[in-house]
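Here the structure comes first, spelled out in structure tokens, and everything after it is commentary.
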There are 2 protein chains.
Amino acid sequence: MTSEIQPSAVGVGRPRSERARLAVLEAAADLLIEGGLKSATIECIADRAGVSKVTIYKWWPNRGAVAIDAYFHRYRQTLDFVDTGDVASDLAAQLRLLIDAFSGRAGEVMAELIGQAQTDPGLAATLGSGWLQPRREATAAVLRHAIDRGQIRPDVDVPTLMDQLYAPLYWRLMMRHAPLTDDFAEMIVRNILDGVRSA
Amino acid sequence: MTSEIQPSAVGVGRPRSERARLAVLEAAADLLIEGGLKSATIECIADRAGVSKVTIYKWWPNRGAVAIDAYFHRYRQTLDFVDTGDVASDLAAQLRLLIDAFSGRAGEVMAELIGQAQTDPGLAATLGSGWLQPRREATAAVLRHAIDRGQIRPDVDVPTLMDQLYAPLYWRLMMRHAPLTDDFAEMIVRNILDGVRSA
DNA sequence: TCATTTAGTGAACGACACGTACATTATCAT
DNA sequence: ATGATAATGTACGTGTCGTTCACTAAATGA
């Protein structure tokens, strides 16, 4: 699911050092948590990992790639969907799970990664394929089931619906204009399912 | 509305050069459009503006501050709300206006600014006070009018509703997982007003 | 007129991180 | 042993940052 480079297939020559690989990911994750993306420089990571800069550049193309690998390495959250059949409570539960995962530094670092992706196409690609896309596919499946069960109108555009469910969460994560609370999750789901129009 | 530093109040001493101030903003805006935030370095801006680096550092604290001032200087879009009394069409019109404003490079640069704000507290503050906050206040007023007119349920949380209207737009602007079309604007408004639940 | 005050200039600097090159050493398969 | 590949340490050139310094330019007021 991530783009973590795996040890090269067994063959001739000295094999890739698993110790070095893990040391890099742990050091990078530590630095991300402690000081954010800005302090997770290649030189700092190399230093803390007890590894040569050159070794890092051999396996990762740039700082962003190391950072996102380190993030996923540490926060291997499953965040799995439960599909109980009640789309309202399932969606709210999933939103609460994500809010919980993004509380604290993990959320701030994710915001920084998304931010950095705006000027780093490689990071944007990894973030899209390793985080956004799989999560969107899982959510789409849940919503299509809900449509099949007759809980959601079949004419609703699923991608738009997903954005109205999840984008508010990321938007608050990044702009900090309002807090990410469980209440927020409930209101998002209620608003979008029942609408806000007066009867 | 922006944090553009104005010429110091009249007094003793050489007055601030309006020529230099404008040259910096124009040069920065040009560079932003041509090559994005990364190419709008202080040295490049100074060079193109025909101005000394020191002059820039005298009036702006860092690159992000210049960039956002330059952005607002060039894209002084009004994006005013029309309040015709029909909240559905007013919101859709406003979303379409924003989508239109964000088509092309202006949208990409805004995404980069938001991204940079994740690691630049000063930029985040300027973006919040100079862009997000005034827009949210205007939107909140429109929504409260709609509540007063009985078009929206009075128990709806206005901040959450605003996020469900606008965050999807910014989210697509930044993640590019789906296009920003006028259709998208219509669906957002329709979904949130009427809900997506089957009858 | 002339001192005072503030703004703008150009050149240079140290710091930092980037990404790369080189020679050397380590560890595997055959 | 030999060949292949990985990891290391050191060093380098580049770019950008933000600052310092001495100097010039343009306004005010006595």
Side-chain angles (χ1 to χ4, degrees), chain A residues 4-28 31-32 34-67 70 112 116 119-123, chain B residues 4-28 31-32 34-70 112 116 119-123:
Chain A
E4 283 188 30
I5 294 94
Q6 296 305 323
S8 46
V10 287
V12 74
R14 178 178 177 174
R16 180 179 183 187
S17 162
E18 184 68 5
R19 186 212 126 259
R21 184 183 141 264
L22 289 177
V24 167
L25 293 176
E26 297 292 347
L31 287 166
L32 279 176
E34 289 169 20
L37 200 51
K38 309 208 90 164
S39 65
T41 71
I42 298 280
E43 318 222 320
C44 269
I45 296 171
D47 219 47
R48 178 182 289 228
V51 152
S52 165
K53 264 172 63 176
V54 190
T55 302
I56 300 184
Y57 279 115
K58 182 174 190 80
W59 296 103
W60 288 275
N62 53 52
R63 183 225 297 254
V66 185
E112 288 186 348
Q116 189 66 18
T119 46
D120 182 338
L123 181 50
Chain B
E4 283 189 30
I5 294 95
Q6 295 306 321
S8 47
V10 287
V12 75
R14 178 177 176 174
R16 179 177 183 186
S17 162
E18 184 67 7
R19 186 211 125 259
R21 186 183 139 263
L22 289 177
V24 167
L25 293 176
E26 297 293 347
L31 287 166
L32 279 177
E34 288 169 20
L37 201 51
K38 310 209 90 163
S39 65
T41 71
I42 298 278
E43 320 222 317
C44 268
I45 296 170
D47 218 48
R48 179 182 289 226
V51 152
S52 167
K53 264 173 61 176
V54 191
T55 303
I56 301 184
Y57 279 115
K58 183 174 189 78
W59 297 103
W60 288 275
N62 53 52
R63 183 226 297 254
V66 185
I68 201 163
D69 273 3
E112 288 186 348
Q116 188 67 18
T119 46
D120 182 338
L123 182 50

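Chain identifiers are assigned alphabetically (A, B, ...) following the order of the sequence lines, protein sequences preceding nucleic acid strands; residue numbering begins at 1 within each chain.
- Between the CZ atom of B:R19 and the C1' atom of C:dT9 there is a distance of 11 Å, given to the nearest Å.
- At least one cation-pi condition fails for B:R21 and B:W59: the charged atom is not both under 6.0 angstrom from the six-membered ring centre and inside a 45 degree cone around its axis.
- At whole-Å resolution of the value, CD in A:E18 and P in D:dA7 are 11 Å apart.
- Nearest heavy atoms, B:A67 versus B:L37: CB-CD1, 3.7 Å.
- Taken to the nearest 0.5 Å, the SG atom of A:C44 stands 10.0 Å off from the CD atom of A:E34.
- As a whole-Å value, the separation of A:I56 CD1 from D:dG9 C1' is 14 Å.
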Could you list, one pair per line, each protein nitrogen or oxygen that sits under 3.5 Å from a nitrogen or oxygen of nucleotides 28-30 of chain C, together with the distance?
{"from": "C:dC28", "atom 1": "O2", "to": "A:G13", "atom 2": "N", "distance (Å)": "3.4"}

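- Taking all atoms of both residues into account, the shortest heavy-atom contact from B:A40 to B:I45 is O-CD1, 3.7 Å.
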Exercise. Which string of ( ) [ ] | and . matches DNA chain C, if you list each base 5' to 3' and count Watson-Crick or G-U pairs only when both distances are under 3.5 Å?
Worked result: ||||||||||||||||||||||||||||||

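- Using a 4.5 Å heavy-atom cutoff, the side chains of B:W60 and B:V24 are in contact.
- Residue contacts for A:V54: at a heavy-atom cut-off of 4.0 Å it reaches a base atom on one of the strands shown.
- A:W59 has its CH2 atom 18 Å from the P atom of C:dG19, to the nearest Å.
- Checked for salt-bridge contact, B:E43 and B:R63 miss the test: no charged N lies under 4.0 Å from a carboxylate O.
- Not one N or O on the side chain of B:E112 forms a donor-acceptor pair closer than 3.5 Å with the backbone of A:T119.
- Minimum interatomic distance between B:G64 and B:L123 (heavy atoms only, all atoms of both residues): O-CD1, 3.7 Å.
- Taking atom CG of A:L22 as the reference point, atom C1' of D:dA6 lies 16 Å away to the nearest angstrom.
- The two residues A:A23 and A:A49 come nearest to each other via the heavy atoms O-CB, 3.4 Å.
- Looking at B:S52 and B:T55, their side chains come closer than 4.5 Å, going by heavy atoms from C-beta outward.
- Proximity of A:T55 to the phosphate of D:dT8: a side-chain N or O atom is located under 4.0 Å from OP1 or OP2.
- A heavy-atom distance below 4.5 Å is found between the side chains of A:V51 and A:R19.
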Short heteroatom pairs, N/O only, protein and nucleotides 14-18 of chain D, under 3.5 Å:
{"from": "D:dC17", "atom 1": "OP1", "to": "B:I42", "atom 2": "N", "distance (Å)": "3.4"}
{"from": "D:dC17", "atom 1": "OP2", "to": "B:I42", "atom 2": "N", "distance (Å)": "3.2"}
{"from": "D:dG18", "atom 1": "OP2", "to": "B:Y57", "atom 2": "OH", "distance (Å)": "3.0"}
{"from": "D:dG18", "atom 1": "N7", "to": "B:K53", "atom 2": "NZ", "distance (Å)": "3.2"}
{"from": "D:dG18", "atom 1": "O6", "to": "B:K53", "atom 2": "NZ", "distance (Å)": "2.8"}

